[in-house]
Amino acid sequence: MLMKEILSVFQSDWATTPSMNELKPNCLKGKSVLVSGHAAARAFAYTLLSLNDRLKLGIKVILSSDEEIPSGVMERDDFNLCEYGRASAIKQKVDLIIHTGICGGRIDNSDTVLTLELAAARSLFILADEKKIKRFVLISDSRVYGKGSNKYRVFSETEMGRSTPEDFNTQLVRTIESYVTSLCGERKITLTTLRSGVLLAPDSGVYNGLEDVFKAVAEGREVSLYCTDNKLSFTYISDLFDAAVYTLEKKLEGVYNVTSRDASASTAGVSAVLRDIFGKQSKINLTDNGEFEGNELNTGKLAFKGFAPRLDLKTSLELSVLSYREDVEADFRFPDEHGGRLSSIQQVLLAYLLEVDRICKKHNITWYLGGGTLLGAARHKGFIPWDDDVDIMMLREDYDKFLEVAPAELPDGMILQDPKKDKRYNYAYAKLRLTDTMFATDFSKNHKGMNNGFAFDIFCHDKTANSKIGQKLHSQLTLFWLAMVFNKWNHRRVYNGKKVQSAISNFLKNIFPLRFSMRMLLFTLEMFKHKKRARYLYDGMGYSVHKGGFDKSFLDNEIRVDFCGHQMPVPEKYKDYLRNHYGDFTELSPLSTRLMGHEITLLDLNKYADFKISNIKKD
């Protein structure tokens, strides 16, 4: 049974999102992974199984835990369960151990807990000796640091605060880390220790001390929360898993702090964030009575190695609260991140579509909804509810013709950006812009000479080689010139994970003028333009360029479908096209990915701020 059929929508979110990132977990492919611990270990095991479902990695997952496991998981061929602390009895092959231990677990202050956890760790090393295991990942947490000297204290990996004999939890976490480090050192096992902040993992059984608060906010009840003097760092569990995979992929060892993005706040700060999200439904009373464990962590060490977490604190907390509600709709999206303007933005985009359709009908040009817009048409009969842009696609002949006729056809205030003609514009694809607006991302705002008005993307699918090797070479050459243009334009270093290739690319990038690289990119896109019997196209301008070619017949014939009450053109074989690009396109993306497509630093819609298409006659 597939994990998506077993897990709740919130479990499926954190178990699926790691595979949505650019990180490719090749280090896990075909491996037998032992995951040991409590609720966090179970969550890690579910994530590995979900990766198998999505990416066909062939991972064998062995879970050593005392947590309850659904029958659907137990019946899977790629999963085995053994009792916590009995890992030494495992008979099958093991390549890697991930031990979460007490991370994300409630600790009872007793010698029994210490004895159990040390025995569980010891059993892992008995197994490691037998299986000759050379890689160990320990998941720890910020309790190891003890107490800071003042409320502003932020802990880096080699720093420790004070700990008294009464600080049982600190002593326990330190003892386990020291024990594992010592045993790995004796056996020359490569050890990576990841220290989490307060661990957030909705509907997972992970303990973080905020469960009662999240449930009360979900139900609109009053609740008390201890007001901490110090800040705490928070870690969403999918970011922790990504960090584990990243350190394995990059062969990093040592100790690293892991938190989510911009995820440090006192409990008073958490209360304020929840109030901002849920308004009067959040009734948190801060109190001086009680305690809350955790510290603020410095994550610069792992960032220096190139790792970047995906989720921020606001999103993590919102998901945590929503997991206690029963009315989360299937097409749920996060509240509008564009200052209440998403509806107007989508109306402007719809007007763009109607304008393009008018021009194309007049000049007999074939065009289709593309990318996420085509996905929205197929799934929602309109925009994906959280989408803030539009993609359309054409074949080369129609694309060139549109670029030729559009400038004279566009209404006042709308311009066409063509990389062949605009030296300040260095995207591979064309855009339409509203000149008296502003829609600048953190990336585009640096190009002040380029018009940054509200935009509409126009992509071209070009012909490619008929052979797989030819398609591969075409895609790689395209990616090379894309890197030359993008990194030269943005004054960035090229890095593709391979030092020699990256060094050569940076050398060439510094030599080639920007417009030369752009001309070479455009030439590469059209390399097979005149191929008479081409059977394949490729997405040279888009995000699927690495996938190589797809069947040219996918874009052969046009049909019209409902899109926001208007009839818009899509390929007759649009389902085949979507399957090729997205897999199961009927499946909604995980909850935490349902955010606006662009992080906008400057948004000004001017007269379009409350725009509605009410005076345009529908087809």
Side-chain angles (χ1 to χ4, degrees), residues 348-374 389-437 439 444 447 449-464 474 478 481-482 485-486 489 514-531 534 537-545 552 554-556 558 568-571 577:
V348 174
L349 292 171
L350 180 57
Y352 267 126
L353 286 172
L354 293 171
E355 189 64 21
V356 168
D357 195 39
R358 177 190 68 79
I359 295 171
C360 289
K361 281 179 178 178
K362 179 177 178 180
H363 293 277
N364 197 29
I365 296 171
T366 300
W367 71 283
Y368 302 115
L369 301 181
T373 311
L374 179 58
D389 71 350
V390 155
D391 302 320
I392 68 169
M393 57 184 176
M394 301 176 184
L395 296 179
R396 173 58 62 178
E397 182 179 351
D398 295 296
Y399 179 83
D400 288 344
K401 186 175 181 181
F402 181 84
L403 298 189
E404 180 183 344
V405 304
E409 292 283 355
L410 295 174
D412 292 341
M414 187 181 293
I415 64 167
L416 174 71
Q417 286 181 320
D418 179 352
K420 287 186 177 180
K421 298 178 180 178
D422 188 343
K423 294 181 179 180
R424 296 165 298 180
Y425 176 79
N426 291 290
Y427 293 102
Y429 49 90
K431 287 178 182 280
L432 296 179
R433 296 271 194 185
L434 290 176
T435 57
D436 55 352
T437 63
F439 197 75
S444 66
H447 305 292
M450 178 183 73
N451 187 293
N452 268 305
F454 192 72
F456 178 104
D457 298 336
I458 307 170
F459 292 92
C460 173
H461 285 324
D462 281 291
K463 296 176 183 178
T464 188
H474 193 196
T478 304
W481 287 115
L482 280 168
V485 171
F486 179 83
W489 192 26
L514 176 59
R515 290 308 294 177
F516 170 79
S517 293
M518 173 55 75
R519 287 195 296 272
M520 291 305 299
L521 171 59
L522 297 176
F523 171 79
T524 301
L525 293 173
E526 300 183 46
M527 186 176 293
F528 293 90
K529 178 178 180 178
H530 300 293
K531 187 176 180 64
L537 304 171
Y538 88 129
D539 185 24
M541 296 182 180
Y543 296 109
S544 298
V545 57
K552 185 174 178 290
F554 289 176
L555 303 188
D556 271 355
E558 173 192 319
M568 294 290 177
V570 301
Y577 176 87

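In this text the structure is predicted, and so the values were computed from the model without any measurement.
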Original post:
Can you list the steps and then say if Ile392 with Thr373 is a side-chain contact (heavy atoms from CB on, under 4.5 Å)?
Top reply: CA-CA 8 Å; Ile392 68 169; Thr373 311; over 6 Å; no
Under the rule for side chain to side chain contact (heavy atoms under 4.5 Å, CB included), what residues qualify as partners of [X], not counting sequence neighbours?
| X | value |
| --- | --- |
| Thr524 | His474, Leu477, Thr478, Trp481, Met527 |
| Ala455 | Lys431, Arg433 |
| Pro419 | Tyr425, Met518, Leu522 |
| Glu526 | Arg396, Lys420, Asp462, Lys529 |

Minimum-distance pair of heavy atoms, taken over all atoms of [X] and [Y]:
| X | Y | answer |
| --- | --- | --- |
| Leu482 | Leu521 | CD2-CD2, 3.7 Å |
| Gly540 | Val545 | CA-CG2, 4.0 Å |
| Gln417 | Met450 | NE2-CG, 3.6 Å |
| Ala428 | Tyr399 | O-OH, 4.3 Å |

Subject >> Steps toward side-chain contact (heavy atoms from CB on, under 4.5 Å) verdict (Val485, Leu514) >> reply: CA-CA 6 Å; Val485 171; Leu514 176 59; 4.1 Å; yes
**OP:** Can you establish whether the number of heavy atoms outside Lys552 located under 6.0 Å from its atom NZ is more than 12?
**Re:**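 No - once you tally the heavy atoms of other residues, nucleotides and ligands closer than 6.0 Å, there are 12 at most.
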**OP:** Step through the shown structure and confirm whether more than 12 heavy atoms of other residues, nucleotides or ligands are within 6.0 Å of CZ on Phe523.
**Re:**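 No, because the 6.0 Å sphere around CZ of Phe523 holds 12 heavy atoms or fewer from other groups.
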**OP:** Give me the ring orientation class for Phe459 and Tyr429: parallel if the planes are under 30° apart, tilted from 30 to 60°, perpendicular past 60°.
**Re:**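 Tilted: the ring planes of Phe459 and Tyr429 meet at 30° to 60°.
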With side chains defined as the heavy atoms from C-beta onward, is the minimum distance between [X] and [Y] less than 4.5 Å?
| X | Y | answer |
| --- | --- | --- |
| Tyr368 | Pro571 | yes |
| Thr366 | Leu555 | no |
| Phe456 | Val348 | no |
| Leu432 | Val356 | yes |
| Ile365 | Glu404 | no |

Could you state the interatomic distance from [atom1] ([X]) to [atom2] ([Y]), rounded to the nearest 0.5 Å?
| X | Y | atom1 | atom2 | value |
| --- | --- | --- | --- | --- |
| Asp539 | Thr464 | CG | OG1 | 11.5 Å |
| Ile458 | Asp418 | CD1 | CG | 9.5 Å |
| Leu410 | Thr435 | CG | OG1 | 11.0 Å |
| Leu434 | Asn451 | CG | CG | 9.0 Å |
| Ile359 | Leu354 | CD1 | CG | 11.5 Å |

Subject >> Test side-chain contact (heavy atoms from CB on, under 4.5 Å) applied to Met394 and Leu403, step by step >> reply: CA-CA 11 Å; Met394 301 176 184; Leu403 298 189; over 6 Å; no
Salt bridge (Lys or Arg N to Asp or Glu O under 4.0 Å) involving [X] - partner list, sequence neighbours excluded:
| X | answer |
| --- | --- |
| Asp391 | none |
| Arg519 | none |
| Glu409 | Arg358, Lys362 |

Subject >> Partner set under ring-ring contact (aromatic ring centres under 6.0 Å, His included) for Phe454, not counting sequence neighbours >> reply: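 Only Phe439 meet the ring-ring contact (aromatic ring centres under 6.0 Å, His included) criterion with Phe454.
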**OP:** Return the set of residues passing ring-ring contact (aromatic ring centres under 6.0 Å, His included) with Phe402 (not counting sequence neighbours), or none when no residue passes.
**Re:**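 For Phe402 there are no ring-ring contact (aromatic ring centres under 6.0 Å, His included) partners, ignoring immediate neighbours.
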Original post:
Which residues pass the side-chain hydrogen bond (donor to acceptor under 3.5 Å, both in side chains) test with Glu558, sequence neighbours left out?
Top reply: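 Expected list: Arg560.
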Original post:
Does Arg515 have any side-chain hydrogen bond (donor to acceptor under 3.5 Å, both in side chains) partners at least two apart in sequence or in another chain, and if so, which?
Top reply: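 Arg515: side-chain hydrogen bond (donor to acceptor under 3.5 Å, both in side chains) contacts with Asn426.
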**OP:** Under the ring pair (Phe, Tyr, Trp, His ring centres under 6.0 Å) rule, what do His461 and Tyr577 come out as? Steps first, then yes or no, please.
**Re:** CA-CA 12 Å; His461 285 324; Tyr577 176 87; 5.8 Å; yes
Original post:
Taking it one step at a time, do Leu353 and Leu369 satisfy side-chain contact (heavy atoms from CB on, under 4.5 Å)?
Top reply: CA-CA 9 Å; Leu353 286 172; Leu369 301 181; 3.8 Å; yes
